[in-house]
Structure formats: C-alpha cells, structure tokens
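Here's the structure, in structure tokens; my notes come after.
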Amino acid sequence: MEIVCPAGTPAALRAAVKAGAHTIYCGFNDETNARNFPGLNFDRAEMREGVRFAHDMGSKVLIAINTFPRAGAEHIWHNAVSDAAEAGADAVILADPGLLAYAAQNHPALRRHLSVQAAAANADVINYYAKCFDVKRVVLPRVLSIPEIAAINAETEVETEVFVFGGLCVMAEGRCSLSSFVTGLSPNMNGVCSPASHVDYHEDNDALSVRLGGYTIHRAEKGEPAPYPTLCKGCFTSADKKGYLFEDPVSLNAEQLIPQLKKAGVTALKIEGRQRSRSYVAQVVRNFRAAVDALEAGQPMPEGMLAQLSEGQAGTTGAYRKIWR
Amino acid sequence: MELTVGPNQFFWKPDPWSDLYDELAQAPVDRVVLGELVCSKRLPFYQDRIPAAIETLLGAGKQVVLTSLALITLKRERKMTAELAEMGVEVEINDLTALALLPEGTAFSVGPLVNVYNEGTLDWLASKGATRICLPPELPLASVATLAGRARDLGVMIEVWGHGRLPLAISGRCYHARLHGRTKDNCQFACEDDPDGLQVSTMEDQPFLAINGVQTLSETYANAAYQIEALDQAGVSALRLSPQSAGFARLCQLFRQRIDGELDADALATGVRDLDKDVRLSDGFLSARPGVNWSGKALAPL
C-alpha cells in the first residue's frame, strides 16, 4: 500500500521522503489549498525544487488545490493548476467541479485526484466524477465504515485513498461552515478552520477559557491542558448535558486497521498534518512504512507505535468502526 | 423576486408535516421544495403523505420540487435518490450523487448544500441542465453578484437564503443520538422532540448552535431583511425561507410584503421577532463577516 504523507514545508518534504514516504502531498502558499496557514506551504520555486528532490529519490508529489475558487478570482486557482503541471507534479488534488473541468480541459495529461473536500461518499458519485473529469483516485470522506469502503471499491475502478492518522474532521469535509459562522473564515473559501488569528485565552477564577471568535469553546482548570479550540471538538452544553457534543478532543489513529483497509481494496493511506513539524512527519512516516512493509511481507503489525504522537494522547478509529456514528 | 420555501430540515410528526403544506398552499410563496434533506431514517414516517402534499400545492398553483438527501452513503439511500425523478416533479440536488443518478438531460435545480462558489461550477451545472441554483449561505454579496451576473447569461435563476437556521454542517454521526448515549443505528428518533433543532450553548451559556440529527445548524435565524434591495440589484431571483414551527405561514406573508414594498426592513425584523420572542437574527455571511453577526441595517449596494 502507498503511504501518502503531508509536507507543509520543503524541509518536511525532504524529511518525509528520506523516512520512506512513497508519496508526498503539499500545496502552494496561498488560499488555493485547505491548509492555508501563516508560514506554511511552498512558493513556486520551492515546489519545483521539492518535486525534483522527491522524484530523484523515487517518491511522488501530489499538489492539493482543494479550496473552492472565489467568484471573480478563478484565475488564482487556474494558475495554481498550471503551475502544478509545470512543476512536474504527479497529480493535483481538486474538490471544485469547475476547477476539475478547467484542469481536465486545459491539462488533460495532469492526473487528477478528487479531494476529501468533495466528500464523495458513494460509488455512484465517485464514478460520476470519473466520467465527467477522469479522476483516477478519490480521497474518501471520514464518514465511511470499512465495509462501506469495501463496497465502494467493489463498484469503482477509481483508486481509493483513506486517512489513517492525524486530525479528524467530524463533519463531512467541504460541507462545513462552522468556522466561518464565528470567524468569517472557512475551509472552503479560505483554506482555514478555526484559525489561530481568532483564538484568545482568558483567565478567570483559576480556570482558562479558550475562545474562538469570542465564543468559549473550552475551559480548562488550572494545570489541565487546554486543547486547541477547533470548533467541532469544543465543550458545549445542550439539554442540561455538558460535554464534547460533537467529538472528543481526539485524533484519528487507524494503524491497527491497515490490514482490513487493504482487504477492503484501499490503494493509499493518507496521513493528516501539513501543519506538523518535520520530526513528527518523519516519525509517523517511518512507523507507517514499517507497518505497511510488515503487512506486505506477511509479518505481524507492530503495535501502539504512534500513540504518543496523538493529540492529548487519545486516539479514535473514527467512522471506520460503525459504532462511532 | 420570488419566494421559495426550502425543505423542512427537521423531523416533524406526520400531522404537523401535512399541515405545513396545506398552509403553504394558501401562502404567498411561488415555490415549495419538500422531501427529506437530512436523514433517510425519517422518511418512512411521512413518505405516504408526500403525493397528497404535492397535489395540494400543484393545485394551488405552486411550483413543487423534491429535494435529495444532503449526504448519500448507503445503498438504500442511493436507491431512494435514483427514484426521486419518478415522482414526476423537478428534483433539487443537495448532493452531487443526485445529479449522477438523474436521467441524463433532465432539468433540475441545485440546493444550498451543493458547493457552488464560482463561475466554473455554475457553467458546469448549467451544462448538465441546472435551471435554478440556491447558493451556499456562506457566500458574501460580492460573490452572489458575480454569480448572478453569470447565471443571467446562462438563463439560470439564482436564489439566496432568506430566513431560517443555517445548515452549517452535515456528518456521518448523529448528534441527537450521541447526546442521548445512543448510536445512529439505534437513535430511537431522538430528533423528533425538537421541531426546530436542539439548542447548543457555550460553557458561558451563550446560545450558539442547534443540532438536528446528523445536521448542525446555527442557533440564530439568518435573515435577509436588510439586504433585499442589495440582493435584488445584484440580480437575485428568489429568496429561500426555511420552515420553522412558529408562525411560518405568517413569516412567508411578511416576506412577501417586504418584497412588494409594503414593509420596510425594520418592520419585517420586528414582525419576525413577534412570531417568536426569543429569536436571535443574523446576516453576517452576506456582508463577508462572521455568519453569526447581525447588522440591523442595510448593506451598501455594490
């Protein structure tokens, strides 16, 4: 199975390649990609150089252009697709039908992957994207169980890629405006979710309130860790119940499910975290590469190797187990 | 400007469900979208009422449209979606799966849960047969105006969210079930007790969101009272009103009067508040600010 690894910087790209990533995904340093954070991502020269380095080492590079182009400014996204082709990318990862149509028409030889931001959650729609835009691979939304993934693979020729480690969207990706509801900035339009520019911390009565856009998303007693206030992982009250109504502050860790994902016909395993450090990326890649190599060699999977890297030490297998719903 | 009633986002019992459409037959609206948007498990409870509702509305001269689900994953849901066109009325797609499953060449409309953010996607949908598009509520007026301009050239009508709790997210997980300590498969229809969704508050008791099964909505009711002239100038053809349990037929009437120039924005906002004294309004998205914000004043036209 192919390990698809994030790189937020040229240094992370090199670290991931050296650690054994088969494939790297990254984006340009603007609003065209869904991890549009300050100080992250690649300018055009860095991208060309990164692709060259990866190709020399036998790895592939996918460029994510997976926000939804702004009306009246589509040229920014069109240019990103053209520049990805020119940089020698092995594929572009796109979500917007208009942009897919542009890429298919203007760069037919540039391989197209359907981003998780398109939330294509069944074989009918995946095959439709293949028919309309000739997409070769789909990154599946994090709403599907393993039997559902197997059923999709039985009905499509399009390769499937699934997330196995890192941050976990609780909502169908690309279908969520929670962030812009309180901050004005969204994954779809701006490539950011719950942005740090709208986070503030407020101390009172020995507790630390963590606010997003002025709304208290979390409160930690003195000495307790205060998780980053991603909106859907906040603590709220409803009908006299208090807690993590949408999702606990956990991150996805599906390492033990790799054999089942392989059996379900999955082509590629994706690691989330373009905002992560190169040492984190290298460590995660090494571990997943070891797991995949063990699986291919018919050896038992190494156990619990990544638990210490997970946010707040708590992992979930998310929707892969049906009970999550 | 036309008025469209969007699909009821909530799980109402069969009698109030039917009553809504009986009332709307007499209400000053042009178009009614009905059917199940949020959760396929709800449909069997009122499915047999749909043909009569369609007949009543058509008899009253309304355009009638059937919505698709917002998130289609299961085999059963794909089958349901493929059968939508057989009901003999126009289909509103709220997931591209519904477009994939429509007989090729069928004219259709596009709901607010399909991501139409730019001209390229608008062109593509029009080429597939889209005749009307309700834009995602997240879009600011500048984008609305650009898209309405392009849509006019293509002969496509543009609709914008006019009133109602905003559909902010859809998930594989059911939050009503989770709140009650159940899984989605064993939800026991916890959402049916909340005909307008269940309020979610922050740790400081600030009203914030509302859960509705697998859907998450704004706690505020987005309301375009102050933006109607700007939307009209931008070339918007219709406003969408989302059903609520309090005085919905009256709300339709207020919007009709506002569009016809019989009420000003202040009077509409006051009228809406009279229907539910606790209602909080918002209109931030149209002015490119956080969606939760409320202006209480008109946007300068572009």
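Below, each value reflects all heavy atoms present in this structure, side chains not excepted, and no hydrogens, waters or symmetry copies. Residue numbering restarts at 1 for every chain, and letters A, B, ... go by the order of the sequence lines.
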Problem set entry | Minimum heavy-atom distance between B:M203 and A:C235, given as atom pair plus value |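 That would be CG-O, 3.4 Å.
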Under 4.5 Å from a heavy atom of chain B, the part of [X] involved:
X: A:S145; value: neither
X: A:L231; value: side chain
X: A:C132; value: side chain
X: A:L144; value: side chain
X: A:Y102; value: neither

Can you find a pair of side-chain heavy atoms, one from [X] and one from [Y], that are under 4.5 Å apart?
X: A:S238; Y: B:V200; result: yes
X: A:S180; Y: B:F285; result: yes
X: B:L139; Y: A:M189; result: yes
X: A:F246; Y: B:I211; result: yes
X: A:I217; Y: B:F208; result: yes
X: A:E74; Y: B:E119; result: yes
X: A:V170; Y: B:Y175; result: yes
X: B:T146; Y: A:R70; result: no

Residue selection (most heavy-atom pairs with chain B, distance under 4.5 Å) from [options]:
options: A:I126, A:V125, A:L185; value: A:V125
options: A:V143, A:T237, A:N127; value: A:T237
options: A:G184, A:A121, A:P69; value: A:P69

Exercise. Is it true that a side-chain atom of A:R325 and a backbone atom of B:C174 form a donor plus acceptor pair closer than 3.5 Å?
Worked result: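 Between the backbone of B:C174 and the side chain of A:R325 there is no qualifying donor-acceptor contact (under 3.5 Å).
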Exercise. Can you name the one residue among B:L122, B:L99, B:T121 that meets side-chain contact (heavy atoms from CB on, under 4.5 Å) with A:P97?
Worked result: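 Considering B:L122, B:L99, B:T121, a side-chain contact (heavy atoms from CB on, under 4.5 Å) with A:P97 is found only for B:T121.
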For this session: Decide whether B:E138 and A:S186 meet the rule of one side-chain donor and one side-chain acceptor closer than 3.5 Å.
Result: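 Side-chain D/A pair, B:E138 to A:S186: present.
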Exercise. Looking just at side-chain N and O atoms, do B:N118 and A:D96 make a donor-acceptor pair shorter than 3.5 Å?
Worked result: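 Looking only at side-chain atoms, A:D96 and B:N118 do form a donor-acceptor pair, the distance falling under 3.5 Å.
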Exercise. Rounded to the nearest 0.5 Å, how far apart are CG of B:D95 and CZ of A:R175?
Worked result: 5.0 Å
For this session: With ring-ring contact (aromatic ring centres under 6.0 Å, His included) as the test, would you mind laying out the steps for A:F133 and B:W124 before giving the verdict?
Result: CA-CA 11 Å; A:F133 310 118; B:W124 179 71; 5.2 Å; yes
For this session: Under the side-chain hydrogen bond (donor to acceptor under 3.5 Å, both in side chains) rule, what do A:D124 and B:T97 come out as? Steps first, then yes or no, please.
Result: CA-CA 6 Å; A:D124 295 322; B:T97 306; over 6 Å; no
